[in-house]
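Just so you know, ligand 1 is whichever comes first in the structure, and atom 1 is the first atom listed for that ligand.
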Amino acid sequence: MVVKTFLHCNQEILEWCWASDHEMMHSPYWASCYLIDGLLIDSGAPGGVNDLRNFVRSLGNQKIGACVLTHTHEDHAGGAYMLNYEFSVPIYASEKAIPILKAGYTYPEYRQVAWGKEGVLPVAAELLPNSISSMSGRYTFHVLPIPGHAPDQIALIEKHREWAFVSDGIQVKYKRIFGSSSSIPEDISLIYRSIQEISRFTEKMTNLKIFIPGGKIFGRDLIDHKLQEIWNLRFEVHEFITQGFSVDEIVVKIFGEQDIFDSLTNGKLSKKNLIISLIEWIK
Ligand SMILES: [Zn+2]
């Protein structure tokens with residue numbers, strides 16, 4: 001496994017990143033946790049639990065007062081059980097996330113390659129209020145529901161510091177999504193509306209910083225670019241449908257031939273799923 005840490009914004013934010021070094025991972029897929037004044041955002045992947053435990057121990061007296069999960073996907077909720085059971089860290093999550101976390105779950109092999117085989121162990125999470133403060137009260141995070149990537153997903157926005165923790169709510173590139181045959185189907189129209197919500201909520205924040213797992217920070221222009229990118233895809237798909245092309249033909253016209261993701265995931269995470277979701281939106 002690979003672990004790296006970043007200090008952002010005058011060391012106010014400590015980002016801890018973990019990635020699998022599985023031989024099939026040609027480039028790292030990062031799971032990130034952010035520690036801000038005793039508040040931990042997300043808990044990493046099941047495969048990273050031992051490393052997360054070492055990270056928490058390395059903090060010494062610097063206590064984690066609470067952990068907020070942005071959504072229930074394994075690369076965000078994987079360490080929640082350990083934090084709660086071993087360090088008595090209370091876990092907070094959205095209403096829709098709580099029953100999923102209570103039950104725990106396993107996930108298919110192609111996701112185990114990236115996030116570990118252990119599964120998400122059951123944990124009793126508490127209901128996340130509309131806003132949550134860091135341990136000393138120095139920061140307050142507004143909770144913004146952003147469904148689309150996951151129905152239970154939220155973003156955390158610190159208005160005064162102009163920070164937006166959107167986890168997977170904004171992807172750096174829209175090329176493929178999980179489809180209806182997977183256990184975590186995505187909906188591109190909801191993703192678009194949620195990015196619009198983030199845009200509306202942060203419109204007065206000229207110095208907005210958007211945190212994306214893996215140490216990436218973007219300005220608010222990311223929001224405009226992603227809205228434009230998705231809208232352009234929708235327009236292109238609409239044009240091709242009007243011209244009578246089939247779904248498979250549209251996939252090739254826009255994104256090119258199948259790649260390793262399509263075959264490795266047996267079509268669960270694919271370009272075709274994105275085209276199908278765009279077509280559903282147009283209907
Ligand atoms: Zn996710």
Side-chain angles (χ1 to χ4, degrees), residues 15-20 25 27-34 40-49 52 67-81 91-101 103-108 110-116 118-121 123 125 128 143-156 164-195 197-198 210-216 218 222 226 230 261 264-265 268-270 273-274 277:
E15 180 179 358
W16 180 85
C17 311
W18 180 93
S20 164
M25 299 300 294
S27 57
Y29 267 44
W30 296 106
S32 284
C33 310
Y34 303 90
L40 189 70
I41 299 175
D42 283 331
S43 65
V49 164
L52 181 66
C67 174
V68 176
L69 302 179
T70 58
H71 60 304
T72 53
H73 288 173
E74 60 270 16
D75 48 329
H76 300 262
Y81 168 81
I91 307 296
Y92 289 90
S94 70
E95 191 176 3
K96 284 186 178 157
I98 288 173
I100 299 168
L101 296 166
Y105 66 92
T106 56
Y107 46 88
Y110 68 88
R111 280 157 58 192
Q112 293 175 12
V113 168
W115 308 125
E118 295 80 354
V120 174
L121 296 178
V123 63
L128 185 58
V143 175
L144 190 69
I146 51 165
H149 168 71
D152 51 38
Q153 188 165 20
I154 55 102
L156 292 166
F165 295 89
V166 300
S167 73
D168 299 338
I170 302 178
Q171 300 284 337
V172 175
K173 183 77 189 163
Y174 285 94
K175 199 171 180 183
R176 56 177 67 79
I177 62 172
F178 285 99
S180 56
S181 68
S182 80
S183 57
I184 49 171
E186 298 181 86
D187 179 331
I188 195 66
S189 67
L190 279 180
I191 288 170
Y192 184 83
R193 280 179 210 130
S194 288
I195 299 174
E197 276 303 307
I198 295 169
I210 301 170
F211 295 84
I212 306 273
K216 300 188 203 82
F218 294 87
L222 178 73
K226 293 302 111 182
I230 297 169
F261 284 95
L264 275 181
T265 68
K268 303 253 186 316
L269 173 63
S270 73
N273 293 330
L274 178 50
S277 189

Enquirer: Checking Glu197 now: which residues fulfil salt bridge (charged side-chain N to carboxylate O under 4.0 Å, His left out) with it, not counting sequence neighbours?
Expert: Arg200
Enquirer: Do the side chain of Tyr192 and the main chain of Asp187 share a donor and acceptor less than 3.5 angstrom apart?
Expert: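 Checking the backbone N and O of Asp187 against the side chain of Tyr192, no donor-acceptor pair under 3.5 Å is found.
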Enquirer: Between Ser277 (side chain) and Asn273 (backbone), is there a donor-acceptor pair under 3.5 Å?
Expert: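 A pair under 3.5 Å: no.
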Enquirer: Spell out the protein N/O/S atoms under 2.8 Å from the Zn ion (ligand 1) as residue plus atom name.
Expert: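 Correct list: His71 NE2, His73 ND1, His149 NE2, Asp168 OD2.
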Enquirer: CD1/Ile91 to CD1/Ile98 distance, rounded to the nearest 0.5 angstrom?
Expert: 11.5 Å
Enquirer: Do the rings of His149 and His71 sit parallel, tilted or perpendicular, given the 30° and 60° boundaries?
Expert: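 Aromatic pair His149/His71 classed perpendicular.
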Enquirer: A side-chain contact here means heavy atoms from C-beta on lying under 4.5 Å apart; do Cys17 and Pro213 qualify?
Expert: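 The answer is no; the side chains never approach within 4.5 Å.
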